[in-house]
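Each remark here refers to the structure printed beneath this line.
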Amino acid sequence: MFRIIYRETLATKIHLFKIEAPAIARKALAGQFVVIRIDERGERIPLTIADWDGKEGSVTVVFMEVGATTFRLALLKAGDFIADFVGPLGVPSHIDKFGTVVCVAGGVGVAPITPIARALKEKGNKITSILGARNKDLLFWEDKLRSVSHQLIVTTDDGTYGRKGVVTGPLKELLESGEKVDRVIAIGPSIMMKFCAQTTQPFGVKTIVSLNPIMVDGTGMCGCCRVSVGGVTKFTCVDGPDFDGHQVDWDLLLARQRIYLDEEKRSFEQWQAQMGKCS
Amino acid sequence: MAKANLNREPMAKQDPKTRGKNFNEVALGYSAEQAKAEASRCLQDPKHPCTDGCPVEIDIPGFIKAVLDDNMPEAVRILKDKNSLPGICGRVCPQETQCEQVCSLAKKGAPIAIGRLERYVADWERTNMGALNPGAEPPRPTGKQVAVVGAGPAGLVAAADLAKLGHSVTLFEALHVAGGVLMYGIPEFRLPKEIVQAEVAYVTSLGVKIELDSVVGKVVTLDELLESGYLAIFLGTGAGAPMFMNIPGENLNGIYSANEFLTRVNLMKAYQFPEYDTPVFVGRRVAVIGGGNVTMDSARCALRLGADEVYIIYRRSEVEMPARREEVENAKEEGIQFKLLTNPKRYIGNESGWVVGIECYEMGLGEPDESGRRRPIAKEGSEFIMDVDMVVAALGTRPNPLIAQTTSELKTTKWGTVVADETTGKTMKDKVWAGGDIVTGAATVISAMGAARRAARDIDEYLRS
């Protein structure tokens, strides 16, 4: 059992949990993820590691309520326990001195990208970050990302905060500005990462994305998370989650993410009805 | 000597029509009368070929005699002296190619049903003695710490044997429950999970500490385990990584690896969705590709989950199928249809990315290959299309590379298996042993257990020297 030592609601339906997991906290690196299971009835889902503290022995995850598991998770309080918390899984992000790196975060993607930007900045890279959300209420960690960037551009789809529009707007401008960009890292919804990769492709700038397909075990056992990268099948859990965005078969990823739409809806509604009755 | 009784006692099974709709165990086990009747057929051959045919060297005539004498506690004691997981082995061991194949009555076509008797004794113990320690004296603690990695059949046996020898054993498991393939792979109707957990509880009753949710290679490396005070490590991480054919369309929605399909159904209990949160998609026309036990398990799970038609597509003929005869028969009785000498060429998808068909080749058989079986050869121009809406690829598995990737000095073969001494399981890395599928590639539960037993013996010798 793993104890929740702290929780905070960061934005509408977006929550931060700090979990007591000293062994994982000792080993975690930027870009890795954990697999969690709430209880005996629960499914296993992956969550990217947003932060960790080796001294405190804690690992931080940030998630949005989108389905049964995240809905149930959001009902837990500090002091509660979750059954399983496994990690750190996946290959850590490649951290090196590249030069100028643009970090593009969409929605909840700001959580996993922040430790990556931090590690890249510590390596001596110049970090320009672009943070996008649908609206002001869904924005969080602007300060945190700013503190690990040399420059930060914020966008909202509806213009309620920062620049109006999506993240690919400023990304394209940066690439066109003539400033040399050595690497782009994009983390967020698949569709946003797809469009970031499409934006950078004509400029030939290496673009790393962190994929989020459906997983079960997260250790290379089931193959549920397989994706096609450069025409070769890869398992996101052990070969990724970071891949070259220009090589990813996005349509395949997007199709595979929809496999359980009906079941997810059914499960979510069942839990909402059940928990509604309890309260 | 009295004339040998050649009437093998049959074991009752659930009716095929009924069982095709539930996940309850198919085989129902012997009654006390049946067990005694079967035990009475044993010739008690002093040369005990059966014991020699058993990878863990159970005193088979001994426990059978105890059953006949109505001394069940003694039967349990004899069995558990050599086998910590008898309820499991009695159900899933391929006895027909091991102890029963060399039984003195095998030549007459009626070997003793050793597996059924083993199961009977294990089940008797669980119901009447609580499945825990059959009164063995606790060993004198050696104070030496051993790490066992992977709580599947090999790891459980290595851990149990080392604990019985007085060592302090910690068993690391990546999943949220111990049992490995016995939990995620083999379905409930063939091996009830309650029985697996009862035998895991027996292993912990010996003093073995189990650390779940611990992915060795990620959260801790072998070198870190050795530095932290473990004097020896046994690796029993199995062959858990699924293989695919690398043919077009293999990643379409509705195409599973057998590992994924079985893990969802068995480990995550998707057959009880939405009571359990994990979903599983099951089509109306299902094809399972392969010819092993995992193929049979996947096909029979799909049937139980409501598929109308379930096909097994296998590239050779029935004679070459690696699955146990008994499981092939069970599958046929339940209405699984066999498409033999057939092999997928590519998968066909619809506009939303779901599988709708398989283009298959008809196959012929050529000269025997390195496996000794006749090599399947695609007949050019024989292609035809089968309409399906779900596929399970049961094409075998290979060892998971996570540990080898993070361990220096651990030599692996081109198949990803760990190089280890055939007898002792000693690897090329100091203080590290390995056994089971991680060394041999995918094989049987009992062969993994046999390798674990031999490695535990060698580890014990090393720790005492």
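Below, chain A is the first sequence line, B the second, and so on; all start at residue 1.
The shortest heavy-atom contact between Cys224(A) and Arg264(B) is SG-NH2, 3.4 Å. Heavy atoms only, all atoms of each residue included: Gly223(A) and Pro242(B) are closest at N-CG, 4.3 Å. The two atoms that bring His176(B) and Asp84(A) nearest to each other are CB-OD1, 3.1 Å, heavy atoms only. Of all the heavy atoms in Glu43(A) and Pro279(B), the pair that sits closest is OE1-CD, 4.0 Å. Of all heavy-atom pairs between Tyr276(B) and Glu40(A), the closest is CE2-O, 3.4 Å. Minimum interatomic distance between Phe281(B) and Tyr260(A) (heavy atoms only, all atoms of both residues): N-CE2, 3.4 Å.
Between the side chains of Thr233(A) and Asn251(B), a donor-acceptor pair is found at a separation under 3.5 Å.
Only the backbone of Leu252(B) has a heavy atom closer than 4.5 Å to any heavy atom of chain A. In this structure, chain A has heavy atoms under 4.5 Å from both the backbone and the side chain of Leu175(B). Contact of Ala28(A) with chain B is not made at all, since no heavy-atom distance falls under 4.5 Å. Heavy atoms closer than 4.5 Å to chain B are found in the side chain of Ile214(A), but not in its backbone. Heavy-atom distances place no part of Gln272(B) under 4.5 Å from chain A, backbone and side chain included. The contact between Phe244(B) and chain A is made entirely by side chain atoms (from C-beta outward), counting heavy-atom distances below 4.5 Å. When heavy atoms are compared at a cutoff of 4.5 Å, Arg256(A) approaches chain B by way of both its backbone and its side chain.
For Arg285(B), the CZ atom sits in a packed shell: over 12 heavy atoms of surrounding residues, nucleotides or ligands are nearer than 6.0 Å.
Of the listed residues (Pro274(B), Ser352(B), Ala393(B)), the greatest number of heavy-atom pairs within a distance under 4.5 Å of chain A belongs to Pro274(B). Chain A forms more heavy-atom pairs under 4.5 Å with one residue of Lys269(B), Gln405(B), Lys218(B), Glu275(B) than with any other, namely Lys218(B).
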| said: Before you tell me yes or no, could you show the steps for Phe2(A) and Asp213(B) under side chain to side chain contact (heavy atoms under 4.5 Å, CB included), namely the whole-Å CA-CA distance, both residues' side-chain angles and the distance that decides it to 0.1 Å? | reply: CA-CA 11 Å; Phe2(A) 295 81; Asp213(B) 291 334; 3.6 Å; yes
| Given Glu224(B) and Arg26(A), is the side chain to side chain contact (heavy atoms under 4.5 Å, CB included) satisfied, shown in steps? | CA-CA 12 Å; Glu224(B) 286 164 343; Arg26(A) 268 198 300 277; over 6 Å; no
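Residue Arg44(A) holds its CZ atom at 9.5 Å from OG1 of Thr263(B), rounded to the nearest 0.5 Å. Interatomic distance, Glu260(B) CD to Cys225(A) SG, rounded to the nearest 0.5 Å: 9.0 Å. Note: Leu402(B) CG to Leu89(A) CG = 8.0 Å, rounded to the nearest 0.5 Å.
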